[in-house]
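These notes are about the structure you will find just below.
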Amino acid sequence: MKHSISLGLLLAILWWCLSGYPKPLLLGLGAASVVFTLWFAHRLDVVDHESHPVHISGALLAYWGRLTVEILRSSAQVIGTILSPKPAIAPYFLRVKVGQPSDLGKVILGNSITLTPGTVTVLVNGDELLVHALSPVSGEGVSQGDLDRLIPADCERQA
Amino acid sequence: MMLADVISAGLLGVGAAMLVIGSLGINRFPHFYSRLHAAGVVDTIASGLFLAGLAVHFGPGLVTIKLLLIFIFLLFTSPTACHALARAAYSSGLREPESEDER
Amino acid sequence: MLFVIAIAVLVAMALALLRAFLGPTVFDRILAVNSFGTKTVLLIALLAEASGRGDYLDLALLYALLNFIGTVALLRYTEQEPRRQGQP
């Protein structure tokens, strides 16, 4: 129930942001589509803690900050590689063990690695990630598990 | 010229330069997996700078919220598309030609 | 100023198209088309500023959605081997 209410609120805010006209007809259409989407999501059975993680919103903000710094640092590196007259790249695949117990933690880690220029998550296999790195410099941080340690530990404690 | 305009033009200019650099990388890097990394620069940094520049121009309001929505959407879909591409290429048997060893 | 930036974006799009034509594997082409789509979104957003109409941003948002779904749909066609059991 908690998740349905927060999803409904989110949808209503989204409608308001995209439309922005306080006319009765448009507001009515918006309310109808919010109700329809909620009913649809319930039929699909996708409203749960995983599709709609209300409980971790606060803890993730600090993580996003660190991730932004990481992205800026490594994209400067990749841009330097692209612009150098002879790109010195040594691409390779590496396997890393994931410390995250939950599926959500693994997804966050995999997406963060892909989002950072220079490394891409290729496969997720149990608690092992197959990562492709542009050069040993880019892959170093991933193999040492820098981002892994930063993800909030209580990702999925309360469901 | 107002200060906001200068900041906006600066952000847009840097973002556009990043776009060109990223596309240059897609053409310069030798194999598929390394090209993937060049496209990553475009998606994350360049679109962020570009949309920030537009947000400075439009100022606070509904339009800025829309720009933020576009940015959040790109932020969530671009790694997903990138990962789907890498996974599809890997599972169809595409490998790096010169570095077969998996360190 | 906006004119110069628009030209830069168009140059980037042309470079992405070049890779889409040259790309040896089908994945290179899909990558190039996906990147082309991202730049289209940014170009439409730029058009919104140049014409002073925020409404164009709705088109940019819609194009971002279509671009993602199109990429994933294209990738479905490249899957040849049946998916192994037990793999997520």
Side-chain angles (χ1 to χ4, degrees), chain B residues 1 5-6 8-10 12-13 15-29 31-33 35-36 38-40 42-43 46-47 50-51 53-54 57-58 61-67 69-71 73-74 76-78 80-82 84-94, chain C residues 1-2 4-9 11-20 22-28 30-32 34-39 41-46 48-49 52-55 57-58 60-61 63-65 67-72 74-81 83-84 87:
Chain B
M1 211 171 176
D5 286 344
V6 177
S8 165
L12 282 173
M18 295 268 187
L19 282 183
V20 176
I21 290 171
S23 309
L24 210 61
I26 296 179
N27 281 286
R28 284 196 76 190
F29 281 175
H31 301 294
F32 168 71
Y33 288 108
R35 283 176 196 144
L36 211 53
V42 173
D43 285 348
S47 60
F50 219 87
L51 294 174
L54 290 177
H57 172 83
F58 279 114
L62 278 184
V63 176
T64 305
I65 294 175
K66 254 178 223 175
L67 285 167
L69 270 176
I70 295 176
F71 177 61
F73 193 78
L74 283 177
F76 275 91
T77 57
S78 78
T80 313
C82 202
L85 256 168
R87 191 194 142 91
Y90 192 84
S91 65
S92 81
L94 189 70
Chain C
M1 189 62 207
L2 282 184
V4 177
I5 290 164
I7 294 288
V9 177
V11 167
M13 288 168 89
L15 284 169
L17 267 191
L18 184 68
R19 177 46 68 194
L22 290 179
T25 68
V26 67
F27 301 108
D28 285 297
I30 298 178
L31 173 70
N34 185 28
S35 160
F36 184 79
T38 309
K39 293 180 189 76
V41 173
L42 296 180
L43 189 67
I44 296 173
L46 192 68
E49 167 164 355
R53 296 183 56 167
D55 307 349
L57 291 177
D58 293 337
L61 195 58
Y63 203 89
L65 279 160
N67 183 35
F68 174 63
I69 293 171
T71 304
V72 173
L74 268 177
L75 284 173
R76 294 292 295 178
Y77 282 102
T78 64
E79 274 186 19
Q80 282 148 0
E81 56 172 355
R83 193 164 285 183
R84 276 164 291 175
Q87 289 260 346

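In what follows, chains are A, B, ... by sequence order, proteins preceding strands, each numbered from 1. Computed from a prediction, not measured in an experiment: that's the story for all the values here.
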Chain B: which of [options] shares the most heavy-atom pairs with it under 4.5 Å?
options	value
C:L65, C:V72, C:L74	C:L65
C:L42, C:L46, C:L61, C:D55	C:L42
C:L22, C:V9, C:T71, C:L75	C:L75

Worksheet entry | Interface residue of largest heavy-atom contact number with chain C, from B:I21, B:L74, B:T77, B:T80, under 4.5 Å |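 Ranked by heavy-atom pairs under 4.5 Å with chain C, first place is B:T77.
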Worksheet item: Using a cut-off of under 4.5 Å for heavy-atom pairs, which of B:V20, B:V63, B:L67 has the most such pairs with chain C?
Response: B:V20
Worksheet item: If only atom types and distance count, is the side chain of C:R19 paired as donor or acceptor with the main-chain N or O of B:I26 below 3.5 Å?
Response: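 Indeed, once roles are kept as given, a pair shorter than 3.5 Å links the two residues.
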Discussion item. So does B:L54 get a backbone contact from the side chain of B:S8, meaning a donor-acceptor N/O pair under 3.5 Å?
Written reply: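 No, the answer is negative, given that no donor and acceptor are paired below the 3.5 Å cut-off.
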Which bit of [X] is near chain B, if near means a heavy-atom gap under 4.5 Å: side chain, backbone, both or neither?
X	result
C:V26	neither
C:F27	both
C:D28	both

Against chain C, label [X] side chain, backbone, both or neither, depending on which of its atoms sit under 4.5 Å from a heavy atom there.
X	value
B:L62	neither
B:F32	both
B:A84	both

Taking all non-hydrogen atoms of both residues, which atom of [X] and which atom of [Y] are closest, and how far apart?
X	Y	result
B:R35	B:F29	NE-O, 3.1 Å
C:S35	C:A16	OG-CB, 4.3 Å
B:F58	C:E49	CZ-CA, 3.7 Å
B:I70	C:A60	CD1-CB, 3.8 Å

Discussion item. Are C:L57 and B:L69 packed together at the side-chain level, in the sense that at least one heavy-atom pair is separated by less than 4.5 angstrom?
Written reply: no
Worksheet item: Looking at CD1 of C:I30 and CZ of C:F36, how far apart are the two atoms once the value is rounded to the nearest 0.5 Å?
Response: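 One gets 16.0 Å once the value is rounded to the nearest 0.5 Å.
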